[in-house]
Amino acid sequence: MTLKFMVTGAAGQLGGLVIDALLKDHAPAEIGALVRRAEAAAALEARGLAVRLATYDDLPALTKALAGVERLLLISGSEVGQRAAQHANVIAAAKAAGVGFVAYTSLLGAATSPLGILPPEHVATEAALEASGLPYAILRNGWYTENYAMSAGPALQHGALIGAAGQGRISSAARADYAAAAAAVLAGDLPASGTVFELAGDDSFTLADLAAFLSEHAGKPVPYIDMPEAEYAAALIGAGLPEGLARMLADSDRGAAAGGLHSKDRTLSRLIGRPTTPWRDTVRAMLG
């Protein structure tokens, strides 16, 4: 069966939004959804999508799942530390299956990013795509506003927003903005192979700006308390976050302080044909 599009991670938050965006202009029968677990298939099949099952670790299953696919969106996996090998499997399977084009969701400024934990696996995946000989494009996504909006509730509860980003500016956009851009690249006139799209929000904020917004929302002071990276990681672990996630978030804040999450590039809004979602709107929506 030939499929115009295949979206990996289709049961995830970004993958689901990409599928929503593709369905605005394309028939469900043109769209494939790759999922890791059989229980995730039913809801997607009910929408008329062609659902295929494979994990990023299973090269034979991936090769079978990608048979007949013209254009593939490879959404980066969630298992930090294992992603370079997993993504290499997807790329090898895409080549073996004869996929015509691959778009990959990387990280803003991956090659030169001051973040320590996340960039190496993205850089390795970008290199694997270049070495594969497949036509490809890189979608270097900036931060999702939702990443920081998730901290709004705890900040209001405890009366302070904590972090380690200093005065670093964060050029975030809503997850749906990045999904719309991915759908536009996947479904439009294909870019030259190797094209890199640096994607970031039209506006930016510091964590002090976020705290000021929360103060307005709550009608009471919610200060921003800046911490050393290690102290912030320890605070997150103390709040119940897994150690690996806590250290990744603290490292990302340190990288933000060094400018790693700030960009004045407007490629994202150009791709989606509208301004990116204001960060305040996303935070306000998450606060209800």
Side-chain angles (χ1 to χ4, degrees), residues 1-107 121-122 124-126 128-129 132-141 144 175-176 178-188 190 197:
M1 176 182 176
T2 300
L3 286 170
K4 183 74 173 179
F5 311 109
M6 174 65 77
V7 177
T8 75
Q13 292 176 303
L14 180 63
L17 290 169
V18 173
I19 286 172
D20 289 344
L22 288 171
L23 284 170
K24 291 178 181 178
D25 298 305
H26 299 277
E30 294 184 284
I31 304 169
L34 186 72
V35 298
R36 294 180 295 175
R37 299 179 300 275
E39 56 267 29
L44 294 164
E45 289 174 339
R47 303 179 73 182
L49 305 176
V51 182
R52 297 180 182 178
L53 185 66
T55 70
Y56 286 0
D57 296 306
D58 190 339
L59 182 57
L62 285 167
T63 304
K64 181 180 179 181
L66 298 182
V69 171
E70 296 179 19
R71 303 181 182 192
L72 170 68
L73 176 64
L74 169 53
I75 293 179
S76 57
S78 59
E79 298 173 276
V80 176
Q82 302 179 49
R83 297 191 293 180
Q86 291 174 335
H87 298 165
N89 280 340
V90 180
I91 293 165
K95 186 166 185 177
V99 171
F101 172 79
V102 181
Y104 169 66
T105 61
S106 184
L107 175 71
E121 291 183 302
H122 289 298
T125 302
E126 292 184 13
L129 276 167
S132 72
L134 288 165
Y136 73 97
I138 304 297
L139 308 174
R140 286 183 175 166
N141 288 353
Y144 303 143
R175 187 178 279 108
Y178 294 106
V185 171
L186 200 66
L190 294 181
F197 297 95

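Here the structure is a predicted model, which is why all the values come from computation and not from measurement. Residue numbers count from 1 along this sequence. We use all heavy atoms of the structure for the numbers below, so side chains are in, but hydrogens, waters and symmetry mates are not.
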Problem - Set of residues satisfying side chain to side chain contact (heavy atoms under 4.5 Å, CB included) with respect to Q13, sequence neighbours excluded - result: R175
Practice task
Specify the closest pair of heavy atoms between A103 and L139, including all atoms of both residues, with the distance to one decimal.
Solution key: CB-CD1, 4.3 Å
Fill in the blank from the handout: Taken in chain and number order and not counting sequence neighbours, the residues that satisfy side chain to side chain contact (heavy atoms under 4.5 Å, CB included) with P60 are D58
Handout entry: Pairs flagged by side-chain hydrogen bond (donor to acceptor under 3.5 Å, both in side chains) wherever residues 87-102 is involved - sequence neighbours left out
Key = H87-Y104, H87-T125
Handout entry: Sequence-distant partners of E126, salt bridge (charged side-chain N to carboxylate O under 4.0 Å, His left out), two or more places apart
Key = R140
Completion exercise
Residues pairing under side-chain hydrogen bond (donor to acceptor under 3.5 Å, both in side chains) where one sits in residues 44-55, two or more places apart or in two chains, turn out to be D20-R47
Can I get a per-line list of side-chain donor-acceptor pairs under 3.5 Å for residues 63-80, giving both atom names and the distance, sequence neighbours left out?
| residue | atom | partner | partner atom | Å |
| --- | --- | --- | --- | --- |
| T63 | OG1 | L59 | O | 2.9 |
| R71 | NH1 | L186 | O | 2.8 |
| R71 | NH1 | G188 | O | 2.8 |
| S76 | OG | T105 | O | 3.4 |
| E79 | OE1 | Q86 | NE2 | 2.8 |

Problem - Which atom of S106 lies closest to which atom of H122, heavy atoms considered - result: OG-CB, 3.4 Å
Handout entry: Y144: partners by ring pair (Phe, Tyr, Trp, His ring centres under 6.0 Å), with sequence neighbours left out
Key = Y178
Completion exercise
Residue set satisfying side chain to side chain contact (heavy atoms under 4.5 Å, CB included) with A176, at least two apart, ordered chain then number -> L17
Handout entry: Qualifying salt bridge (charged side-chain N to carboxylate O under 4.0 Å, His left out) pairs with a residue from residues 26-41, counting only residues at least two apart or across chains
Key = R37-E39
Fill in the blank from the handout: For A93 and L62, the nearest pair of non-hydrogen atoms, with its separation, is CB-CB, 3.6 Å
Exercise for the section: Could you pull out the closest heavy-atom pair between S132 and L129, with the gap in Å? Expected result: OG-O, 2.6 Å
Problem - With sequence neighbours excluded, residues passing salt bridge (charged side-chain N to carboxylate O under 4.0 Å, His left out) with R83 - result: E121
Practice task
Mind listing the closest non-hydrogen atom pair of A179 and A21 along with its distance?
Solution key: O-CB, 4.4 Å
Exercise for the section: Quick one: which residue pairs count as a ring-ring contact (aromatic ring centres under 6.0 Å, His included) with a foot in residues 2-40, not counting sequence neighbours? Expected result: F5-H26
Practice task
Check each of V35, I19, L34, L49 against V7 using the side-chain contact (heavy atoms from CB on, under 4.5 Å) test, and report the only one that passes.
Solution key: I19
Exercise for the section: Mind listing the closest non-hydrogen atom pair of F197 and A137 along with its distance? Expected result: CE1-CB, 4.1 Å
Practice task
With sequence neighbours excluded, tell me which residues meet side chain to side chain contact (heavy atoms under 4.5 Å, CB included) with A128.
Solution key: I91
